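Whatever order the structure lists them in is the order used to number ligands and atoms, beginning at 1. Fair warning: this is a prediction, and the values are worked out from it, not measured in the lab. The analysis underlying the following values was restricted to heavy atoms, covering all of them including side chains, and did not include hydrogens, waters or symmetry mates. Positions are given from 1 along the sequence.
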Amino acid sequence: MKFVYDFHEGNKDLKDLLGGKGANLAEMTNLGLPVPPGFTITTEACQQYLRHGTQVDGLSSEIDEHLATLERAIGRRLGDSADPLLVSVRSGAKFSMPGMMETVLNVGLNDESVDGLSRQAGGNDRFAWDSYRRLIQMFGKTVCDVPGHEFEDALHEAKTAKGVTDDVQLDADDLRALVGAYKKVFAKHTGHEFPQDPREQMDLAIAAVFRSWNADRAVLYRRQERIPTDLGTAVNVVAMVFGNLGSDSGTGVAFTRDPATGEQGVYGDYLSNAQGEDVVAGIRNTLSLADLERLDKKSYDELMQIMATLEGHYRDLCDIEFTIERGKLWMLQTRVGKRTAAAAFTIAAQLVDEGVIDLDEALTRVTGAQLGQLMFPRFDLSPSPESSSPDSITRGVGASPGAAFGEVVFTAARAVEVAAQGRPVILVRRETNPDDLPGMIAAEGILTSRGGKTSHAAVVARGMGKTCVCGADEMEVGRDSFTVGGHTVREGEVVSVDGTTGRVYLGEVPVRPSEVVQYFEGDLDPANANDPLVAAVHRIITHADEKRRLRVRTNADTGTDAARARRFGAQGIGLCRTEHMFLGDRRELVERLILARTDDERNGALAKLQPLQRADFLEIFREMNGLPVTIRLIDPPLHEFLPSLEELAVRVAVQHEHGRRVEHDEKLLAAVRRMHEQNPMLGLRGVRLGLVIPGLFAMQVRAIAEAAVALAAEGGRPRPEIMVPLVGAVQELETVRTEAEKIIAEVVGESPVEILIGTMIEVPRAALTAGQIAEAAEFFSFGTNDLTQMAWGFSRDDVEGAFFWRYLELGIFGISPFESIDADGVGRLVKIAAEEGRAARPGLKLGVCGEHGGDPDSVHFFHEVGLDYVSCSPFRVPIARLEAGRAAVQSDGSDHR
Ligand code: PEP
Ligand code: MG
């Protein structure tokens with residue numbers, strides 16, 4: 001196996017093997033762009049290292065060869081004390097994980113070569129000793145787990161001793177002394193001296209980067225971003241170039257378009273006389289690219305040209321890291337850049353306009369999750385009758401859009417604590433670093449006083465789709481309060497942050513629907529919206545609708561929800577849960593039904609419920625006129641409609657205590673006791689209820705048929721589908737069907753109403769006997785909530801809070817199977833049922849109505865399996881439409897049925 005690739009040997013399509021950074025460095029090298037020479041150690045080497053915990057066989061000799069090539073290319077040798085080659089050792093996984101893993105810079109320096117470096121830098125002692133102390137610090141922390149604060153303390157002492165406040169005020173002698181102090185810290189913690197052999201430094205750094213794949217924050221980030229746990233990271237060994245050699249040097253980050261809005265034109269941050277990660281760390285406020293044009297026109301022009309080349313080559317927004325070493329521009333990284341949801345849509349549409357990509361490809365450039373983000377509400381800043389519009393207290397860079405409010409907290413730990421108590425928080429920091437990740441995940445929004453659109457906070461927040469304002473530099477951030485413009489805001493006080501405009505407000509600002517939701521509601525005409533985002537969403541989702549094979553229905557059980565879903569593009573109702581119609585003031589009727597001792601009592605209750613149900617159905621049929629409406633007969637255990645056993649028992653006991661007897665309560669208690677079940681989810685519910693309580697399903701079927709006939713009489717076109725829940729055997733369905741058909745025939749008579757009868761497939765046995773069940777069903781709808789519950793044996797009401805965190809931690813699954821379909825297990829049941837059902841009854845209609853119907857990954861799965869439709873909540877309908885379109889253009893085009 002080959003473990004090491006020279007930059008000349010790789011290309012951008014080898015991300016699995018070389019990681020994103022390595023693959024793109026290779027691509028840039030091959031494009032002839034100025035990339036410092038280097039090589040990449042593969043993710044496979046990392047996987048082997050992590051599996052066996054030892055050095056990988058053969059790796060060392062491969063590194064020897066590639067190092068020799070690198071030394072020849074640059075004309076310097078690692079460890080040459082007179083003229084040393086220094087390298088950086090950088091992590092780089094397949095998926096970008098900003099700042100989550102390790103990097104060691106300046107590898108190759110030791111007590112002798114530090115002088116050689118000084119000579120290389122034209123006698124710049126200060127630079128050489130500063131580079132050396134940075135190496136010991138980074139190497140100590142990353143490779144040997146020396147606590148970072150010990151180095152910071154030593155640096156602080158050096159500054160105090162000299163009476164200065166800034167690192168740059170330390171001269172070469174101070175830094176030489178600091179190197180001595182750092183070495184002591186190093187030896188104290190590791191029990192040995194700082195390694196002087198450059199090759200040993202390099203090997204240890206490589207192993208540390210491998211190990212950093214499993215660092216806590218990297219594990220957490222992967223879980224958050226659904227990145228598989230077993231990929232490993234590649235390691236890039238690159239000849240060092242220095243942005244900290246003086247005012248003709250510097251380092252920067254840039255985007256070929258604005259990653260926040262998608263606006264055309266380059267965007268970037270530059271720091272002169274700085275090294276490595278200083279820009280991303282947000283340590284100093286940065287200059288813009290326009291400033292760079294002023295400072296160094298030649299490098300700026302070359303950079304612009306390279307950025308145009310990269311955009312043309314990748315046909316997408318690229319972000320880059322570059323360094324200028326004494327007027328010479330070097331490219332240190334590029335990738336197809338992360339962007340906000342809004343930018344993803346606008347850029348995709350722009351690229352279509354520019355003729356760079358077609359609409360099919362535009363569909364692959366956006367996701368349902370991004371569309372979901374665009375549907376979040378915005379702040380409503382218009383004055384109301386009660387109050388004028390709120391004034392913002394300060395403004396920073398709108399780095400990741402959204403509208404968030406919450407209690408101000410100043411540490412990641414406190415953010416996690418308060419959020420765990422169910423209260424929204426805004427994490428306020430001077431700048432964030434990778435250790436803040438748990439707090440950033442817990443927070444509704446992030447606010448920093450330093451750094452630009454490319455700071456750590458901005459990049460990570462954008463990746464997570466979290467609201468972020470950064471670089472609000474009027475703010476003074478303290479330990480438990482911040483002050484700005486005469487306001488002091490203490491921990492626990494509420495602020496609102498607008499990630500689009502960058503504005504910060506005191507208190508909670510009310511919100512209004514986003515423009516994208518207004519568009520879906522039909523309140524905003526995309527042709528006249530004058531909003532490139534709405535126009536882009538319209539264009540792309542229209543194309544998705546043209547391309548998709550899957551139809552999209554909604555889960556709705558009121559007329560209002562049905563109407564909204566229809567405006568959002570739903571093509572019918574896939575699940576109307578009738579039990580929701582039995583609550584409120586109807587609960588009493590249900591109680592009477594349950595408590596009935598005689599047929600007369602029961603029929604009395606049913607007769608009262610029936611007209612109410614008929615009116616419910618008629619309203620929904622009207623809203624969905626012409627479209628199919630699947631109504632599920634009542635599903636949950638009846639005791640859900642009764643008071644809790646504990647409460648009732650206490651009430652009756654208290655009545656007895658006071659010598660009173662309330663007959664109604666006693667009857668109710670007896671009924672609740674009678675019906676109490678240990679496992680109600682596996683008990684008397686679904687079709688079983690219909691078979692046990694005479695007249696219950698019949699009442700519902702009659703109400704459905706009568707409502708349909710009524711709409712037809714009005715000239716409408718009702719398309720009801722009656723769905724029987726929790727069927728496990730065809731005999732159950734046949735029994736219900738026989739009774740239902742009789743009622744339907746009676747009610748419908750000559751009316752032109754057609755009513756289908758089908759079943760949910762949500763019990764594993766139903767999936768496994770789908771061939772038999774299809775004989776009695778005109779359609780199947782997969783209830784993947786119960787199917788997941790029963791396939792895994794996971795109580796859907798308990799497990800997610802109880803122990804899923806451990807399963808996620810152990811990597812047993814990367815995401816809850818209740819959220820995204822477990823393709824191997826539950827998905828297999830779906831596949832078997834779909835195939836066997838269709839074999840038994842060609843043309844059998846197949847859909848899904850569990851929560852998975854609106855989950856992007858699951859939608860792709862259902863497309864592949866060949867279902868006819870997915871059904872999801874109204875707000876997820878546009879997401880499912882988009883994902884179904886994406887699935888259609890991404891799959892191989894063959895029909896899997
Ligand atoms: C299901 O089980 O997937 C389903 C849609 O039914 P419910 O969630 O109502 O049990
Ligand atoms: Mg169910």
Chemist: To the nearest 0.5 Å, tell me how far Ile620 CD1 sits from Leu711 CG.
Modeler: 12.0 Å
Chemist: Should Arg632 be listed as contacting ligand 1, given a heavy-atom distance under 4.0 Å as the test?
Modeler: yes
Chemist: Relative to ligand 1, is Arg685 under 4.0 angstrom through side chain, backbone, both or neither, heavy atoms considered?
Modeler: side chain
Chemist: Quick one: look at Asn555 and ligand 1, take heavy-atom pairs under 4.0 Å, and tell me if it's side chain, backbone, both or neither.
Modeler: neither
Chemist: Is it the case that atom CZ in Arg567 sees more than 12 heavy atoms from other parts of the structure closer than 6.0 Å?
Modeler: yes
Chemist: Run the salt bridge (Lys or Arg N to Asp or Glu O under 4.0 Å) test against Arg717 and tell me which residues pass, sequence neighbours left out.
Modeler: none
Chemist: Hey, mind stepping through Arg622 and Leu618 against side chain to side chain contact (heavy atoms under 4.5 Å, CB included) and telling me if it holds?
Modeler: CA-CA 6 Å; Arg622 274 203 191 108; Leu618 183 55; 3.5 Å; yes
Chemist: So if I count the atoms of ligand 1 from 1 in the order they appear, which ones are less than 4.0 Å from some heavy atom of Gly783?
Modeler: 1 (C), 2 (O), 3 (O)
Chemist: Which of these, Gly686, Cys849, Pro725, Ser781, has its nearest heavy atom closest to atom 5 (C) of ligand 1?
Modeler: Cys849
Chemist: Mind checking whether Glu579 has an N or O less than 3.5 Å away from an N or O of ligand 1?
Modeler: no
Chemist: Measuring from non-hydrogen atoms of Met760 to any atom of ligand 1, is the shortest distance under 4.0 Å?
Modeler: yes
Chemist: I'd like to know whether OH of Tyr807 has more than 12 heavy-atom contacts from other residues, nucleotides or ligands below 6.0 angstrom.
Modeler: no
Chemist: Has Glu741 got more than 12 heavy atoms of other residues, nucleotides or ligands less than 6.0 Å from its CD?
Modeler: yes
Chemist: Show which atoms of ligand 1 fall inside a sub-4.0 Å distance from at least one heavy-atom site of Leu575.
Modeler: 5 (C)
Chemist: In a check of side-chain contact (heavy atoms from CB on, under 4.5 Å) between Cys576 and each of Met723, Arg632, Met581, which one passes?
Modeler: Met581
Chemist: At under 4.0 Å between heavy atoms, which part of Arg577 makes contact with ligand 1: side chain, backbone, both or neither?
Modeler: side chain
Chemist: Which protein heavy atom lies closest to atom 8 (O) of ligand 1, and at what distance to 0.1 Å?
Modeler: Arg796 NH2, 2.7 Å
Chemist: Quick check on Met790 - does any of its heavy atoms sit under 4.0 Å from an atom of ligand 1?
Modeler: no
Chemist: Mind counting the protein N, O or S atoms sitting less than 2.8 Å from the Mg ion (ligand 2)?
Modeler: 2
Chemist: Of all the atoms in ligand 1, which lie at a distance below 4.0 Å from a heavy atom belonging to Asp635?
Modeler: 10 (O)
Chemist: Could you pull out the closest heavy-atom pair between Val701 and Ile722, with the gap in Å?
Modeler: CG1-CD1, 4.0 Å
Chemist: For Asn625, does its backbone N or O pair with a side-chain atom of Arg566 as donor and acceptor, under 3.5 Å?
Modeler: yes
Chemist: Show which side-chain atoms of residues 767-782 pair as donor or acceptor with protein atoms under 3.5 Å away, not counting sequence neighbours.
Modeler:
unit_1	atom_1	unit_2	atom_2	d
Thr769	OG1	Arg765	O	2.8
Glu778	OE1	Arg737	NH2	3.2
Glu778	OE1	Ile757	N	2.7

Chemist: Sub-3.5 Å donor-acceptor pair from the side chain of Asn679 to the main-chain atoms of Leu682, do we have one?
Modeler: no
Chemist: Report the residues that fulfil side chain to side chain contact (heavy atoms under 4.5 Å, CB included) with Glu646, sequence neighbours left out, ordered by chain and then residue number.
Modeler: Ser644
